[in-house]
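This report concerns only the one structure given below.
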Amino acid sequence: MNLSAWGVMVRSLDVIVVGLGAMGSSAAFHLAQRGYRTLGFDAFPRGHDRGSSHGKTRIIRTAYYEAPDYVPFVRRAWSLWRELEGTSGRQLLRKTGGLYIGRPETALVSGALASAREHGLTHELLDAETAAVRFPGLRLAPDQVAVWEAEVALIDLEAAMAALVDEARAAGAELHYSTPVERWIPDGDGVRVETSLGTFHAERLVLATGPWLPTSVPELNLPLTVWRILHVHFAPTTPARYRAEHFPFALWEDETGIYGAFPELPGQGVKFGRHDAGEVCTPETVRRTAEPTEIEELRTTLERYWPGATGPVLWYLTCLYTMTPDHHFVIDRHPKWPQVVLCSACSGHGFKFAPAIGELLADLTTEPTTSPPALFRLTRFQRAEDDSIARPLFGASQEVHGNQPDE
């Protein structure tokens with residue numbers, strides 16, 4: 001312990017992490033594992049549903065339609081999830097394979113094929129009839145195709161979050177929940193962080209505050225927008241047809257949008273949501289309830305492709321997603337205070353990367369020569385005259401007015 005210049009007792013640490021969702025918890029784990037004195041704070045109780053790291057399942061997929069640049073990062077995440085399974089003794093991943101469905105010219109199909117071909121990923125291109133024979137219960141339009149890849153798995157979200165937090169604590173990280181950070185203040189080459197537990201000093205600060213990141217660094221005026229998304233868990237009416245033991249995860253793109261469907265798991269049914277539309281909101285104004293019309297729209301779309309998957313509603317959930325204009329992540333040092341590292345690894349497709357992102361955050365925090373991938377840097381928001389960063393990943397013909405579901 002030491003005294004601050006203004007007479008308040010200040011506890012000194014190596015790194016403070018603010019926000020203990022998937023990215024913050026992973027950062028705390030990697031930092032503590034490397035021997036750094038690490039302290040973490042979250043404003044809400046452990047396991048809360050106020051942000052983006054809740055629910056039952058997420059997906060990890062490799063033929064990344066958003067950009068081939070992500071594929072090496074996905075592969076690193078696969079390896080780290082498997083390592084975490086070993087150290088934690090928990091099963092986190094369940095391979096199901098995956099399908100990317102649409103007409104050949106869609107961003108989803110063409111993007112998945114581009115990533116698979118560029119990185120030599122094992123895949124197959126199936127016509128509608130072959131896909132239906134291979135996966136009974138799948139119904140496609142005659143002009144649609146499906147890209148199949150084996151390297152897709154469901155992530156047990158609750159087990160994954162528990163593993164990240166428990167292993168971080170086992171490595172020496174001190175994590176506090178229900179403890180909002182009142183403010184952070186640059187202090188020479190370090191930072192001060194004020195909470196109800198007291199004031200803390202650290203050499204470095206990681207801000208992984210999800211939809212609260214814009215208010216965490218208001219001076220940067222980040223072009224981030226928060227959306228509400230909805231997922232519904234349906235109990236299939238056709239027994240065993242869509243069970244994860246033999247049926248894959250699927251993304252599809254048609255004239256109505258992009259959707260994601262998770263195969264049936266015991267007690268969870270089939271999880272389904274739209275992948276490209278949602279309501280603009282804030283963490284304070286988000287609508288947590290769902291209208292019957294929303295649920296019925298999802299039911300109609302799911303039944304079109306997975307007939308017999310849309311029985312009674314087991315439950316639904318809403319999440320917050322923090323979107324950038326180009327739908328790529330924000331992972332970078334603060335341009336004015338490089339001792340502060342920022343992370344918004346969301347835009348609806350971040351969870352799968354959590355262990356790799358935690359590793360990158362630890363590198364950026366402790367290794368001055370490390371730079372983030374260009375895809376994630378803040379400098380890309382310095383708009384060129386043609387405003388080129390505002391292009392969507394969903395295809396030029398589709399207006400992006402919402403968010404992607406929780407992967």
Side-chain angles (χ1 to χ4, degrees), residues 17-25 41-45 47-55 58 66 157 161 180-181 183-184 206-232 257-260 273-291 294 298 316-332 334 340-354 357 361 375-376 378 380-381 383 389-394 398-407:
V17 178
V18 181
L20 295 174
M23 308 310 159
S25 297
F41 295 107
D42 197 283
F44 299 100
H48 68 85
D49 62 357
R50 301 295 90 183
S52 304
S53 296
H54 63 280
R58 295 293 190 273
E66 289 87 342
L157 183 142
M161 287 299 302
V181 167
R183 63 172 178 163
W184 66 270
V206 175
L207 294 174
T209 50
W212 292 270
L213 187 61
T215 58
S216 300
V217 285
E219 69 281 357
L220 296 183
N221 195 27
L222 296 176
L224 304 178
T225 306
V226 179
W227 281 292
R228 163 198 178 269
I229 64 100
L230 173 69
H231 272 85
V232 180
I258 298 180
Y259 302 86
R274 186 168 175 177
H275 203 56
D276 65 336
E279 295 178 356
V280 176
C281 66
T282 70
E284 293 73 34
T285 63
V286 58
R287 179 167 60 94
R288 297 286 179 181
T289 57
E291 296 295 329
E294 294 180 282
L298 290 176
Y316 66 81
L317 71 159
T318 59
C319 295
L320 298 179
Y321 281 80
T322 310
M323 307 294 289
T324 61
D326 58 10
H327 296 184
H328 300 312
F329 306 152
V330 171
I331 304 175
D332 206 348
H334 195 292
V340 179
V341 175
L342 313 177
C343 176
S344 176
C346 193
S347 287
H349 62 113
F351 190 94
K352 65 179 71 63
F353 295 100
I357 287 171
L361 292 172
L375 201 65
F376 305 154
L378 288 168
R380 75 186 196 273
F381 297 130
R383 294 178 179 271
I389 67 162
R391 61 188 183 280
L393 291 175
F394 299 126
Q398 184 168 340
E399 178 184 359
V400 177
H401 57 93
N403 55 290
Q404 305 173 41
D406 50 349
E407 291 190 30

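Heads up: numbering here begins at 1 and tracks the sequence.
Residues F351 and L157 form a side-chain contact, since some pair of their non-hydrogen atoms from C-beta on lies under 4.5 Å apart. Put simply, the side chain of M323 reaches to within 4.5 Å of the side chain of W227, judged on heavy atoms. Taking 4.5 Å as the limit, some side-chain heavy atom of L342 sits within range of a side-chain heavy atom of V217. Two residues are said to be in side-chain contact when any heavy atoms from C-beta on lie closer than 4.5 Å; P325 and F381 meet this criterion. Using a 4.5 Å cut-off on side-chain heavy atoms (C-beta onward), M161 and H54 make no contact. The shortest distance between side-chain heavy atoms of V286 and L320 falls below 4.5 Å.
Here the side chain of Y316 pairs no donor or acceptor atom with the backbone of L230 at under 3.5 angstrom. A donor-acceptor contact shorter than 3.5 Å links the side chain of R380 to the backbone of H328. Judged by distance alone, with hydrogens and angles left aside, the side-chain atoms of D332 form a donor-acceptor pair with the main-chain N or O of L378 at under 3.5 Å. In this structure, the side chain of S347 engages the main chain of T324 through a donor-acceptor pair within 3.5 Å. Side-chain N or O atoms of H349 include one that pairs as donor or acceptor with a backbone N or O of H327 at under 3.5 Å. Here the side chain of T285 pairs a donor or acceptor atom with the backbone of T282 at under 3.5 angstrom.
Between W212 and F44, the ring-plane angle classifies as tilted under the 30° and 60° cut-offs.
By the side chain to side chain donor-acceptor pair (under 3.5 Å) test, S216 pairs with T209, sequence neighbours left out. Under the side chain to side chain donor-acceptor pair (under 3.5 Å) criterion, E291 pairs with no residue at all, not counting sequence neighbours.
For E219 and H334, the side-chain atoms include at least one donor-acceptor pair closer than 3.5 Å.
Between E294 and R274 there is no salt bridge, since no side-chain nitrogen of the basic residue lies less than 4.0 Å from a carboxylate oxygen of the acidic one.
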